[in-house]
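Note that the structure is predicted; figures quoted are calculated from it, not measured. Residue numbers start from 1 in every chain, and the chains themselves are labelled A, B, ... in the order their sequence lines are given, proteins ahead of strands.
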There are 2 protein chains.
Amino acid sequence: MKTSQKKYKFAVIATDVVIFTVQENQLKILLIKMKKHPYTNYWAAPGGLVKPAESVDRAAQRNLVEKTGVRNVYLEQLYTFGKAERDPFGRVVSVAYFALIPSDGVKLQTTAEYGDVTWFPVGKLPKLAYDHEEIIKYALNRLKAKLEYSNIVYGLLPKEFSLSDLQNMYEIILGKKFDKRNFRKRILSLNLIQRLRKKRRGVANRPAELYSFESRKPRVVKVL
Amino acid sequence: MKTSQKKYKFAVIATDVVIFTVQENQLKILLIKMKKHPYTNYWAAPGGLVKPAESVDRAAQRNLVEKTGVRNVYLEQLYTFGKAERDPFGRVVSVAYFALIPSDGVKLQTTAEYGDVTWFPVGKLPKLAYDHEEIIKYALNRLKAKLEYSNIVYGLLPKEFSLSDLQNMYEIILGKKFDKRNFRKRILSLNLIQRLRKKRRGVANRPAELYSFESRKPRVVKVL
DNA sequence: TCAAAAGTGTTCGTGCTACACCCATGC
DNA sequence: GCATGGGTGTAGCACGAACACTTTTGA
């Protein structure tokens with residue numbers, strides 16, 4: 001190790017990922033129960049240190065895969081939290097990310113298996129470790145803002161979905177209702193989604209037309 | 001130094017600040033000429049390592065003060081650049097910030113003194129070191145976006161300014177013209193600025209009414 | 001009196017909002 | 001046939017866009 005490195009090496013870099021999904025008409029976040037004092041039985045967004053040869057983005061991805069087993073989901077850097085005293089174990093700077101997981105599950109490996117990895121509705125979060133309350137608030141705001149001016153809802157929806165499903169996502173996350181006819185006109189005029197000419201079967205009501213996203217790449221569009 | 005720290009200590013944290021100002025009807029960025037190989041005579045946004053007991057935000061502030069002598073200017077975290085190979089000298093993760101300096105100068109200490117610290121118009125940037133081209137592009141996009149939905153122009157304007165000064169800022173940075181009457185109506189309807197009932201004297205034309213910002217705190221507002 | 005920038009209203013079109021009823025299916 | 005969510009059109013209004021001339025000053 002070179003002197004110049006030794007001289008300045010004092011902060012460790014970690015990533016924390018705020019993982020969102022929608023289940024049972026609620027927006028939820030995946031949290032892990034901590035064991036280490038002083039945060040025993042506090043909960044935290046999954047996180048981990050960045051490895052020597054690994055980019056920060058890649059560390060966040062790895063972190064996500066290790067905790068949930070999901071790949072290829074929406075993942076975006078959020079903000080870097082760098083207060084000197086944010087971690088009682090030492091100087092840790094956290095690069096926070098947020099991830100979106102489709103509401104049809106993509107079967108998470110760890111979810112049901114361990115009691116210490118659980119989805120919490122954003123309205124009923126437990127005691128949070130570190131500055132994770134701040135990080136989660138930040139993530140929520142970003143998510144809400146991005147729904148309005150981008151197409152990233154695709155990250156929360158399954159491949160095929162109805163216009164009502166889509167509208168529901170917006171209503172659940174933004175916490176307000178929209179007029180059905182106006183909402184549909186808006187969305188369809190943006191050319192973000194395409195009709196599949198397929199209907200959802202097996203429901204005790206008129207079957208919904210199914211749609212899919214033209215592209216599952218992030219794009220800025222004024223949606224609302 | 002504890003073992004757990006030793007084990008993971010491999011990346012150094014730095015901050016880089018993209019400093020904007022408007023001079024001579026051009027948007028400019030402050031850059032520093034580098035000496036170290038392999039970037040001899042390349043230019044870089046001012047940066048520096050984060051000290052042990054210092055928050056990342058504070059490091060960015062310090063960095064800004066040391067390079068320009070200005071305090072209390074608009075400073076916002078931009079994004080964290082964490083590719084493993086971004087710095088040939090070692091593993092350095094950079095938390096990038098951008099700063100806005102009022103167009104009336106706030107007399108920068110270092111600007112004219114050293115030939116190796118210079119304002120460059122964003123359209124005519126020199127060879128840039130590291131990934132600073134990417135960082136600056138990112139900063140530019142953020143700045144443009146934020147002009148549209150926040151009041152942060154205040155960071156670029158002096159305490160007192162005319163509506164034409166304000167419109168000019170928008171035109172210079174966004175690179176398009178606005179209709180004078182519509183622009184004024186828009187701005188005035190937002191209640192972001194107040195008339196000072198004072199006019200600018202000493203110009204060979206009709207003197208402009210002067211205004212100031214109601215508040216110089218960042219606020220999200222749809223401006224355009 | 002001239003040059004230069006400041007200041008000021010109205011018209012037109014369009015895009016957002018509000019609103020209620022019929023339809024298709026499974027049970 | 002009934003309960004459940006799916007699907008559809010229009011009218012009014014508010015807001016954004018386009019547009020040209022008069023005013024005030026210093027030189």
At 4.0 Å (heavy atoms only), tell me whether A:Lys180 reaches a base, stays on the sugar-phosphate, or touches nothing. base
Is the phosphate of D:dG6 approached by A:Ser164 (side-chain N or O, under 4.0 Å from OP1 or OP2)? yes
Would you call A:Leu30 and A:Ile101 a side-chain contact if the rule is heavy atoms closer than 4.5 Å? no
Within the 4.0 Å heavy-atom criterion, would you say B:Lys185 contacts the bases, only the backbone, or no part of the nucleic acid? base
Picking from C:dA6, C:dG26, D:dC19, the nucleotide nearest the side-chain atoms of B:Ser162 would be C:dA6
Measure the CE-CG distance between A:Met169 and A:Leu174 for me, rounded to the nearest 0.5 Å. 12.0 Å
Considering only side-chain heavy atoms of B:Asn182, which listed nucleotide, D:dG9, D:dA18, D:dT23, is closest? D:dA18
Can you tell me which nucleotide in D:dG6, C:dA18, D:dT8 comes closest to the side chain of A:Ala208? D:dG6
Going through the distances and angles, do B:Leu192 and B:Arg219 end up as a side-chain contact (heavy atoms from CB on, under 4.5 Å)? CA-CA 10 Å; B:Leu192 294 175; B:Arg219 185 178 142 192; 3.7 Å; yes
From C:dG9, D:dT8, C:dA4, pick the nucleotide closest to the side chain of B:Asn205? C:dA4
Do A:Glu148 and A:Lys222 sit within salt-bridge range, that is, some charged N less than 4.0 Å from a carboxylate O? no
Does B:Arg200 contact C:dA5 through a side-chain donor or acceptor facing the base, at a distance under 3.5 Å? no
Counting heavy atoms from C-beta on, name the nucleotide in D:dG7, D:dG26, C:dA6 closest to the side chain of B:Ala204. D:dG26
Where the side chain of A:Arg184 is defined as all heavy atoms beyond and including C-beta, which of C:dA20, D:dG6, C:dG7 is the nearest nucleotide? D:dG6
State which of D:dG7, C:dT17, D:dG26 makes the closest approach to the side chain of A:Arg186. C:dT17
